[in-house]
*Asks:* 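Below you'll find the structure I mean.
Atom set for the values below is all heavy atoms of this structure, side chains included, hydrogens, waters and symmetry mates excluded. Please read all numbers here as calculations on a predicted model, not as lab measurements.
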Amino acid sequence: MSQTPAPSTTAPAGVPDELRAVVDRLKAEVADLHAELPRNALVVWTAGNVSARVPGADLMVIKPSGVSYDDLSPEAMVVCDLDGTLVEGDRKPSSDTAAHAYVYRNMPEIGGVVHTHSDYATAWSARREPIPCVLTMMADEFGGEIPVGPFALIGDDSIGQGIVETLRASRSRAVLMANHGPFTIGATAREAVKAAVMLEDVARTVHFARQLGTPVPMQQADIDRLYDRYQNVYGQ
């Protein structure tokens with residue numbers, strides 16, 4: 001398993017000139033999307049991270065480690081390759097970089113990854129219990145229950161392996177990593193952030209429903225129809 005890279009004493013390799021405009025656009029987008037995490041009460045202090053794959057290159061833009069959300073300008077973002085090695089930036093990448101990189105290496109259709117410690121979703125992960133599909137909104141966005149991924153420690157790509165193994169067996173865009181918290185994915189970073197916001201909403205609602213009684217599971221055929229409509233017909 002690849003290890004999170006140690007800080008290098010040599011200068012990063014740099015972004016190729018032909019990718020400059022794309023990377024600068026993604027830095028601005030990823031910086032803006034990070035603001036959605038505290039705005040939607042999905043993180044505290046410096047926890048959590050958003051990344052975006054650079055189209056046409058084995059690169060990603062991600063948040064630096066341990067930096068206040070108030071200081072996350074486009075210039076603060078760092079660029080890494082898909083082994084987690086720093087390519088551009090003067091700060092250490094997020095401690096979850098190895099997990100994000102593993103997802104991108106093994107799920108080429110994914111363009112964005114988000115990790116939060118949102119209260120209700122993380123509480124479900126502490127119980128190592130999937131969130132049952134008892135709401136039409138869950139069927140729409142996630143196509144069924146929110147699965148639980150295996151326990152893994154930060155430090156190498158073990159978390160990324162658990163994310164990929166779990167989500168490959170599910171239509172869900174979210175996974176509850178056991179005793180850790182949620183990760184969400186999307187074709188873009190914005191889609192992954194949307195999934196993180198919706199995940200916390202359904203995690204909270206299903207928790208409330210359990211306080212009132214036993215939530216009633218939905219029929220699989222209804223889940224399938226709702227998921228198909230939302231993914232292929234709904235919206236503009």
Side-chain angles (χ1 to χ4, degrees), residues 1-5 34 36-38 40-51 62-67 69 84 92-107 110 112-135 138 141-186 192-211 214-215 217:
M1 294 182 292
S2 61
Q3 299 293 313
T4 301
H34 273 97
E36 296 296 332
L37 304 189
N40 287 277
L42 303 184
V43 295
V44 295
W45 203 239
T46 63
N49 36 70
V50 178
S51 71
I62 194 167
K63 167 182 175 285
S65 177
V67 176
Y69 278 82
K92 290 192 302 180
S94 164
S95 59
D96 290 303
T97 295
H100 289 241
Y102 189 90
V103 172
Y104 291 130
R105 289 200 308 272
N106 290 276
M107 301 182 80
I110 297 307
V113 179
V114 174
H115 173 48
T116 78
H117 291 176
S118 59
D119 291 345
Y120 286 89
T122 302
W124 285 87
S125 75
R127 294 200 299 259
R128 300 193 182 191
E129 182 179 359
I131 305 175
C133 189
V134 296
L135 301 168
M138 288 187 68
E141 178 69 14
F142 302 107
E145 71 173 22
I146 310 298
V148 173
F151 176 75
L153 294 174
I154 297 174
D156 57 26
D157 59 16
S158 298
I159 292 173
Q161 291 183 43
I163 294 169
V164 170
E165 289 168 4
T166 305
L167 293 184
R168 276 182 172 166
S170 171
R171 291 189 298 203
S172 177
R173 293 179 180 173
V175 56
L176 307 172
M177 293 303 288
N179 303 103
H180 186 174
F183 284 79
T184 56
I185 58 173
V193 171
K194 174 194 172 189
V197 173
M198 295 183 74
L199 168 62
E200 180 64 2
D201 187 65
V202 299
R204 179 174 53 246
T205 301
V206 177
H207 170 76
F208 290 160
R210 281 195 164 185
Q211 310 315 299
T214 302

*Asks:* If we count only N and O atoms by modelled type, under 3.5 Å, do the side chains of H100 and S51 hold a donor and an acceptor together?
*Replies:*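 Per modelled atom types, H100 and S51 side chains form a pair under 3.5 Å.
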*Asks:* Compare every heavy atom of T184 with every heavy atom of A192, then report the nearest pair and how far apart it is.
*Replies:*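 Shortest heavy-atom separation between A192 and T184 comes out as O-OG1, 2.8 Å.
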*Asks:* Within a strict 4.5 Å, meaning less than it, do heavy atoms of the P150 and T166 side chains meet?
*Replies:*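 Yes. Closest side-chain heavy atoms under 4.5 Å.
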*Asks:* What are the two closest heavy atoms between T122 and P182, and how far apart are they?
*Replies:*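 Shortest heavy-atom contact: OG1-CD, 3.5 Å.
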*Asks:* When the ring planes of F183 and H115 are compared, do they come out parallel, tilted or perpendicular, using 30° and 60° as the limits?
*Replies:*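 Answer is parallel, since the angle falls under 30°.
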*Asks:* Go through the structure and list residues passing salt bridge (Lys or Arg N to Asp or Glu O under 4.0 Å) with E165, not counting sequence neighbours.
*Replies:*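 Salt bridge (Lys or Arg N to Asp or Glu O under 4.0 Å) list for E165, sorted by chain: empty.
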*Asks:* Any salt bridge between R204 and D119, counting N to O under 4.0 Å?
*Replies:*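 Salt bridge flag = no for D119 with R204.
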*Asks:* What are the two closest heavy atoms between F142 and I146, and how far apart are they?
*Replies:*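 Between these two residues, the closest heavy atoms are CG-CD1, 3.4 Å.
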*Asks:* Test your reading of the model: is there a side-chain donor-acceptor pair from H117 to the backbone of G48, 3.5 Å cut-off?
*Replies:*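 Between the backbone of G48 and the side chain of H117 there is no qualifying donor-acceptor contact (under 3.5 Å).
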*Asks:* Calculate, to the nearest 0.5 Å, the distance between atoms CD and CG belonging to E141 and L135 respectively.
*Replies:*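 Here the interatomic distance stands at 13.0 Å.
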*Asks:* Among all residues two or more places apart in sequence or in another chain, which pass the salt bridge (Lys or Arg N to Asp or Glu O under 4.0 Å) test with E200?
*Replies:*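 Partners of E200 by the salt bridge (Lys or Arg N to Asp or Glu O under 4.0 Å) criterion come out as none, since no residue qualifies.
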*Asks:* Working note: V114 + T116, criterion side-chain contact (heavy atoms from CB on, under 4.5 Å); need CA distance, chi angles, decisive distance, verdict.
*Replies:* CA-CA 7 Å; V114 174; T116 78; 3.8 Å; yes
*Asks:* Show the nearest heavy-atom pair for residues P130 and W124, with the distance to one decimal.
*Replies:*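 Looks like O-CZ3, 3.5 Å.
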*Asks:* Before you tell me yes or no, could you show the steps for D96 and K63 under salt bridge (Lys or Arg N to Asp or Glu O under 4.0 Å), namely the whole-Å CA-CA distance, both residues' side-chain angles and the distance that decides it to 0.1 Å?
*Replies:* CA-CA 10 Å; D96 290 303; K63 167 182 175 285; over 6 Å; no
*Asks:* Check this for me, if you would: do E36 and K194 make a salt bridge, where the nitrogen-to-carboxylate-oxygen distance has to be below 4.0 angstrom?
*Replies:*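 No salt bridge links E36 with K194.
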*Asks:* Roughly how far apart are L42 CG and D201 CG, rounded to 0.5 Å?
*Replies:*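 CG of D201 is found 10.5 Å from CG of L42.
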*Asks:* Between atom OH of Y69 and atom OG1 of T46, what is the distance when rounded to the nearest 0.5 Å?
*Replies:*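 Answer rounded to 0.5 Å: 7.5 Å.
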*Asks:* L199 and A174: which non-hydrogen atoms are nearest, and at how many Å?
*Replies:*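 Taking L199 first and A174 second, the nearest heavy atoms are CD2-CB, 3.9 Å.
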*Asks:* With rounding to the nearest 0.5 angstrom, report the CZ to OG1 distance, R210 to T205.
*Replies:*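 Going from CZ on R210 over to OG1 on T205, the span is 13.5 Å.
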*Asks:* So which heavy atom on L167 is nearest to which on P147, and how close?
*Replies:*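 Answer, listing the atom of L167 first, then P147: CD2-CG, 4.4 Å.
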